[in-house]
Amino acid sequence: KAICVQNWDKDGDGELSKDEAAAVTEMSNTLFQKNEDITSFDELQYFTGLTSLQYSSFERCTHLASVVLPANLITVGNDVFYGCSSLTSIIVPDNVVNVGANTWNGCSNVTYVHVGKGLASVNVNPFGELTSLEDFEVDEANMAFCAIDGILMSKNGKKLVQYPAGKRNENYVIPEAIENVSGDAFRGCKYLKSLVITKDSQVRPDEANGYWYIYSLEELTLQEGVEGIGSNAFMGCSSLKTIHIPTTLNYIGKRTFECCNNISSIISEVVTPFAFEDDAFTDEVYNNTIVLVPDASVTLYKNTAGWK
């Protein structure tokens, strides 16, 4: 309250009226940033003159448990509520069209997200690491997004935008209808142990950062038809133990499994092994992992860069 009165109390009565709040058209991104005293800001809804929230406006307000966004808001910038770990729900108003990168990333107590009908675009990882969230809810009138089994998808069902990090399913097979996966789409998943990638475009070389930091992932299966794994694709999947590689794979990028030190077995069906950079796996993996290959190909594997 003190911050609001200090900045926008025009009549000097020591209070902020709804009219004074509605007259505010711009809010500095430093006024509330990293303020640990704020526990609730439902009054933000009365700032109806605001059409955008600047980047990091409420970043790391770690005790902020409740906030209501103004109805006329159009844009919510990058990192606006990043690290607001006490926040419990997110309601994106119908007039919001654009949401930035990492906007609500790390809001680990959020259990409810509703996406309004107007949202048309999001940047990378807007709802990442919401480790208490099991399902997204999207207004049926939204033309750009939908929720399928609680997973945030593009309206046409061809792009996986964000997998709820708190979803309690241990196994997930990416539907074949999915053609690409947004950056950091699975980041911070808490319960997902087994992931099956069903087609090549889902892990397209050098555009595959949708699988970074799936901390819970233990088993990765690439189905027949997958031809390449992009650079850094599974970086930070620190619990990964087993990888299944199909006959069709012919490319593994640089540092593909960086920080994946617990891989203990790789089962490859590739008959004629392809070469790749030896930084695709960590030294721990090269020293401790068992690689199972077709019997007739053992010698070839032993003499091919990346595998030997």
Side-chain angles (χ1 to χ4, degrees), residues 66-69 71 73-76 78 80-82 84 87-199 201-203 208-217:
S66 177
V67 61
V68 179
L69 300 180
L73 207 60
I74 296 173
T75 299
V76 186
N78 297 345
V80 168
F81 295 100
Y82 180 91
C84 291
L87 202 63
T88 58
S89 66
I90 298 168
I91 298 177
V92 183
D94 286 340
N95 283 334
V96 171
V97 176
N98 306 301
V99 167
N102 300 306
T103 303
W104 284 279
N105 186 53
C107 297
S108 54
N109 275 307
V110 166
T111 58
Y112 176 75
V113 175
H114 174 83
V115 175
K117 64 182 179 181
L119 189 64
S121 67
V122 297
N123 208 319
V124 176
N125 200 35
F127 305 103
E129 299 191 73
L130 304 188
T131 51
S132 297
L133 182 70
E134 297 189 38
D135 297 287
F136 285 96
E137 179 182 285
V138 181
D139 191 299
E140 291 184 359
N142 189 292
M143 300 300 291
F145 301 101
C146 66
I148 299 176
D149 295 327
I151 301 165
L152 188 61
M153 305 276 197
S154 62
K155 190 72 171 184
N156 62 10
K158 294 183 178 181
K159 184 173 187 176
L160 193 156
V161 179
Q162 198 94 53
Y163 187 94
K167 199 169 188 64
R168 292 183 178 270
N169 294 358
E170 292 189 354
N171 309 299
Y172 184 60
V173 178
I174 300 179
E176 290 192 9
I178 298 295
E179 295 182 356
N180 56 71
V181 175
S182 293
D184 284 329
F186 289 89
R187 189 183 185 102
C189 281
K190 196 173 180 179
Y191 302 102
L192 183 63
K193 292 184 177 181
S194 174
L195 181 66
V196 178
I197 293 175
T198 55
K199 62 192 296 186
S201 62
Q202 294 168 358
V203 64
N209 59 354
Y211 309 97
W212 287 6
Y213 299 101
I214 312 176
Y215 301 120
S216 58
L217 187 65

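- Ile91 has its side chain out of reach of Val115: every pair of non-hydrogen atoms, C-beta onward, lies at least 4.5 Å apart.
- Under the side-chain contact (heavy atoms from CB on, under 4.5 Å) test applied with Phe127, the options Asn102, Val110, Leu152 reduce to a single match, Leu152.
- Checking side-chain atoms of Lys199 against main-chain N and O of Glu176 turns up a donor-acceptor pair under 3.5 Å.
- Atom CG in Asn123 sits 10.0 Å away from atom OG in Ser182 (nearest 0.5 Å).
- Atom CG of Asn169 sits about 8.5 Å away from atom CG of Asp149, to the nearest 0.5 Å.
- For the pair Ala165 and Leu130, the tightest heavy-atom approach, listed with the atom from each and the gap, is CB-O, 3.6 Å.
- Salt bridge Arg168/Glu134: present, at least one basic N to carboxylate O contact under 4.0 Å.
- The nearest pair of heavy atoms linking Ala185 to Leu160 is CB-CD2, 3.8 Å.
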Discussion item. Under the criterion side chain to side chain contact (heavy atoms under 4.5 Å, CB included), I'd like the reasoning laid out for Ser201 against Glu179: C-alpha separation, chi angles, the key distance, then a yes or no.
Written reply: CA-CA 5 Å; Ser201 62; Glu179 295 182 356; 4.1 Å; yes
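- Comment: Glu129 engages Arg187 in a salt bridge, judged by a side-chain N to carboxylate O separation of less than 4.0 angstrom.
- Minimum interatomic distance between Leu192 and Asn171 (heavy atoms only, all atoms of both residues): CD1-C, 4.0 Å.
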Discussion item. Would Ile151 and Tyr172 count as a side chain to side chain contact (heavy atoms under 4.5 Å, CB included) here? Give the steps.
Written reply: CA-CA 11 Å; Ile151 301 165; Tyr172 184 60; 3.5 Å; yes
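- For the atom pair CG of Asn105 and CG of Asn78, the computed distance is 11.5 Å after rounding to the nearest 0.5 Å.
- Between Cys189 and Tyr215, the closest side-chain pair of non-hydrogen atoms is not below 4.5 Å.
- The shortest non-hydrogen separation linking Ile174 to Thr198 is O-OG1, 2.8 Å.
- Counting heavy atoms from C-beta on, the side chains of Phe81 and Val67 come closer than 4.5 Å.
- Atom NZ of Lys155 sits in a crowded spot, with more than 12 heavy atoms from other residues, nucleotides or ligands closer than 6.0 Å.
- Contact annotation: the side chain of Tyr211 approaches that of Leu195 to within less than 4.5 Å [non-hydrogen atoms, C-beta and beyond].
- Here the side chains of Val97 and Leu119 are not in contact, with every heavy-atom distance at 4.5 Å or above.
- Atom CZ of residue Phe145 and atom CG of residue Asn156 lie 10.5 Å apart, to the nearest 0.5 angstrom.
- Counting all heavy atoms, side chain and backbone alike, Pro164 lies closest to Leu133 at CB-O, 3.3 Å.
- With contacts defined as side-chain heavy-atom distances shorter than 4.5 Å, the pair Cys146/Met153 qualifies.
- Classified by interplanar angle (parallel below 30°, tilted 30° to 60°, perpendicular above 60°), the ring pair His114/Tyr112 is parallel.
- Val161 is not listed as a side-chain neighbour of Phe136, based on a closest heavy-atom distance of 4.5 Å or more.
- Contact record, Gln202 with Ile178: NE2-O, 3.0 Å, taken as the closest heavy-atom pair.
- For the pair Gln162 and Pro126, the minimum side-chain heavy-atom distance is below 4.5 Å.
- A donor-acceptor pair under 3.5 Å links the side-chain atoms of Ser132 to the main chain of Ser108, judged by distance alone.
- Of the possible polar contacts, none joining the Asp94 side chain to the Gly116 backbone as a donor-acceptor pair under 3.5 Å is found.
- In this structure, NZ on Lys167 lies 11.0 Å from CZ on Phe186, to the nearest 0.5 angstrom.
- Between the OG1 atom in Thr103 and the CG atom in Asn98 there is a gap of 10.5 Å [rounded to 0.5 Å].
- For the pair Asp139 (side chain) and Ala141 (backbone), a donor-acceptor distance under 3.5 Å is present.
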